[in-house]
Amino acid sequence: MYGEILGGTLVGVLLLLICVGIARALRRSMGEIVTDGGEPADERERGGHESSPATGRTGGGEPSSTRRTPEGERSEPAGSSRSSSEPRSDGGVATGYGFVTTKPTGLLRWFTTVDHRDIGILYLTFGTFAFLWGGMDAMMMRTELLSSQAEVFGVETYNQLFTTHGITMLFLFATPILFGLANYFLPLLIGADDMAFPRVNAIGFWVLPPALVLIRFGILSDTMAALIAPLSPSLSQLLVAFEPIDVGWTLYPPLSTQTINAQVDMVLLGLHLSGIGTTIGAINIIATVFTDRAPDVGWERLDIFSWTLLTQAGLILFAFPLLGAVLIMLLLDRNVGTSFFAVEYGGYILYQHLFWFFGHPEVYILVLPPFGLISLILPKFAGRKLFGYKFVVYSTMAIGVLSFGVWAHHMFTTGIDPRLRSAFMAVTIAIAVPSAVKVFNWITTMWTGNLRLEAPLLFCVGGISTFIIGGVTGVFLGSIPVDMLVHGTYYVVGHFHFIVSGVILFAVFAAIYYWFPLMSRRMYDRPLAVVHFALSFVGVNLLSFGMLIVGLVGLPRRSATYPIEFLPLQVTASLGAALLAIGQLVWLWNMVQSYRTGRIVMDADVWGLKRYGQFTKEWEWFEDRLEQAQRADDPE
């Protein structure tokens with residue numbers, strides 16, 4: 001456990017440094033003079049964007065006359081008189097748009113906001129934190145696997161890391177990071193003022209931090225117990241009872257029901273809470289798309305990212321309530337003495353049916369929005385419209401429907417009826433068809449386009465390539481004879497990481513680089529972005545191919561020890577994980593430094609989209625913000 005304490009400490013130190021940098025930026029933005037790009041004072045003195053507190057600037061998508069903020073408060077009209085000594089604030093964050101608002105400042109703003117862009121930033125920040133923490137778990141696991149005999153942290157710690165890594169990445173990183181992009185950009189893409197239910201939207205986010213605390217309370221209690229042991233041994237012993245769980249991220253009974261560890265109950269409650277927040281967010285997405293689209297955004301003009309978010313939300317409504325029911329049944333079995341999943345009644349098979357009826361749609365809940373991001377971003381840098389728009393939309397809906405008919409391919413080795421296995425094998429192979437349609441459309445879009453190798457396109461291409469490999473290896477797992485041979489091996493882990501660490505992660509990075517100028521009004525460091533892509537692409541392929549190959553030669557998964565002859569392949573996979581981790585540190589440095597000192601964006605068409613007719617609604621909104629800020633700077 002000392003190794004995991006050290007890992008948590010390192011994450012805490014890293015986040016502390018990030019917070020210090022953000023705090024410095026906030027102090028600069030809360031001075032009496034607010035600049036358009038948040039540039040330092042020395043740049044203003046050299047003739048940058050001069051501003052006067054008396055100009056009463058406004059920004060945003062509204063006219064520069066009096067307007068209403070998302071909270072319903074009125075800001076001052078442009079040109080109104082103000083005292084030169086009155087401080088001006090844009091809400092306590094250096095957005096660089098220079099508009100006047102009566103929002104609270106500092107932390108109070110973030111705890112009370114119902115603005116969709118603020119909530120999107122909260123989701124993105126939370127997802128990044130979970131990503132770093134879950135990534136630390138992964139690096140500790142790969143470090144352990146550098147030795148064939150579990151000589152670094154030990155078998156128990158490895159099992160705990162294996163459990164918390166999977167839960168953190170699936171429930172606390174992937175879903176929140178996608179919801180962050182959805183909250184920030186869905187209203188902009190469809191011409192809405194905000195999400196349909198702003199306050200409910202905020203609630204959907206604020207249930208996630210308590211869920212994180214509950215799920216990761218084992219490591220937190222371990223750390224607190226070590227700190228207070230000299231002061232209160234009895235309280236320390238109470239905290240030690242909440243050990244990090246080691247039952248696997250799927251929480252299979254009978255292990256999960258018979259393990260005497262109070263932290264298992266905490267994890268079940270945390271997962272249930274996160275499911276409630278996810279369901280709330282899905283309802284908001286559906287209501288927003290159906291009711292808040294601008295008049296000129298019909299279904300035939302709805303962008304691909306919004307289509308995938310709508311399909312994802314539909315899957316969540318059917319899948320997550322079932323997960324909540326399963327978690328409650330597990331809690332009752334553990335604490336009340338019910339027998340939902342009793343071994344003598346075959347309950348462990350019932351659990352797998354219920355869990356994977358949620359679990360496999362969850363894969364598409366995570367991967368459909370990244371598909372939408374690639375379909376949205378790729379044409380922007382190919383200089384042409386997406387090839388086969390309707391086919392991509394239809395394939396998205398087909399995946400959503402078929403995803404509920406493939407869950408039992410996770411159970412081919414459990415002894416279920418062979419006739420059932422054959423039916424699920426057929427549907428599993430069939431679901432590869434709409435996925436392949438997307439790949440062919442992406443490739444054709446690039447084939448007939450004029451490619452510009454910016455960072456967003458590089459990550460899109462990297463995501464497509466890893467998806468092809470991950471998809472093909474998944475088709476093999478859909479075949480009963482093949483799955484019987486490799487189901488319990490690292491082959492499955494390699495296939496899954498090609499999807500999660502490949503297409504999902506790469507599509508998210510493509511979106512972050514693509515929209516970073518819009519969100520911060522600054523440009524990132526492009527050479528560093530290329531370095532980030534190179535390290536990530538090589539790292540993901542070394543990691544995932546290493547696990548695929550070691551699984552094909554027969555190494556079982558979920559074990560901290562293994563025969564020595566598998567050591568070279570495990571070292572190769574660990575080397576890939578190290579390169580991937582270094583790449584994310586490069587990305588984090590790039591984002592923080594670019595937010596602080598990056599080149600200020602003066603032209604909304606940062607990617608040259610107007611030339612190709614790809615200047616979509618979110619960039620039109622951004623252009624309007626810039627124009628109003630510039631008019632406020634130069635009222636003449």
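Just so you know, residue 1 is the first one in the sequence shown, and it goes up from there.
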Here the gap from Ile203 atom CD1 to Ile119 atom CD1, rounded to the nearest 0.5 Å, amounts to 10.0 Å
Taking the six-membered ring for Trp and the single ring otherwise, decide whether the centroids of Trp206 and Phe111 are under 6.0 Å apart.
yes
Can you name the ring pair (Phe, Tyr, Trp, His ring centres under 6.0 Å) partners of Tyr364, sequence neighbours left out?
His360
Residues in side chain to side chain donor-acceptor pair (under 3.5 Å) with Arg526, at least two apart?
Glu454
Using side chain to side chain donor-acceptor pair (under 3.5 Å) as the criterion, list what pairs up with Trp619, not counting sequence neighbours.
Tyr514
Could you state the interatomic distance from CE (Met519) to OH (Tyr595), rounded to the nearest 0.5 Å?
10.5 Å
Shortest non-hydrogen separation from Gln312 to Ile365 and the atoms involved:
NE2-O, 3.0 Å
List for me each residue that meets ring pair (Phe, Tyr, Trp, His ring centres under 6.0 Å) alongside Phe171, sequence neighbours excluded, and say none if there are none.
none
Please name all residues satisfying side chain to side chain donor-acceptor pair (under 3.5 Å) with Trp607, sequence neighbours left out, ordered by chain then number.
none
Sort out for me which residue in Asn183, Asp115, Thr113 forms a side chain to side chain donor-acceptor pair (under 3.5 Å) with Asn201.
Asn183
I'd like to check Tyr184 versus Asp118 (side-chain heavy atoms, cut-off strictly below 4.5 Å). Are they in contact?
no
Pair Asn590-Ser594, side-chain donor/acceptor within less than 3.5 Å:
yes
Would a line drawn from the ring center of Phe358 to the ring center of Phe320 be shorter than 6.0 Å?
yes
According to the interplanar angle, ranging from 0 to 90°, do the rings of Phe459 and Phe509 count as parallel (below 30°), tilted (30 to 60°) or perpendicular (above 60°)?
tilted
Could you tell me whether the side chain of Leu172 reaches within less than 4.5 Å of the side chain of Ile215, counting heavy atoms only?
yes
Salt bridge flag under 4.0 Å for residues Asp137 and Arg216:
yes
Are the side chains of Leu323 and Glu362 in contact, using a 4.5 Å heavy-atom criterion?
no
Side-chain contact test, heavy atoms from C-beta onward, threshold under 4.5 Å: evaluate it for Val267 versus Phe217 and give yes or no.
no
Kindly compute the distance separating CD1 (Ile328) from CG (Leu269), expressed to the nearest 0.5 Å.
9.5 Å
Does Leu208 reach the side chain of Leu273, with side-chain heavy atoms less than 4.5 Å apart?
no
Check whether more than 12 heavy atoms from other residues, nucleotides or ligands sit under 6.0 Å from atom CZ of Phe197, and answer yes or no.
no
dist Asp624:CG -> Glu627:CD (nearest 0.5 Å) comes out at 6.0 Å
Would you please classify the geometry between the Tyr524 ring and the Phe516 ring as parallel, tilted or perpendicular, with 30° and 60° separating the classes?
perpendicular
What's the spacing between Met139 CE and Leu580 CG if we round to 0.5 Å?
8.5 Å
Quick one: closest heavy-atom pair of Leu327 and Leu268, and the distance?
CD2-CD2, 3.6 Å
Please tell me if the side chains of Leu368 and Leu315 come closer than 4.5 Å, counting only heavy atoms from C-beta onward.
yes
Apply side chain to side chain donor-acceptor pair (under 3.5 Å) to Tyr123 and list each qualifying residue two or more places apart in sequence or on a separate chain.
none
Drop me the distance from Met195's CE to Thr288's OG1, to the nearest 0.5 angstrom.
3.5 Å
Would you call Lys617-Asp296 a salt bridge at under 4.0 Å N-O?
yes
Grab the two heavy atoms, one from Phe179 and one from Ile285, that are nearest each other, plus how far apart they are.
CE1-CD1, 4.3 Å
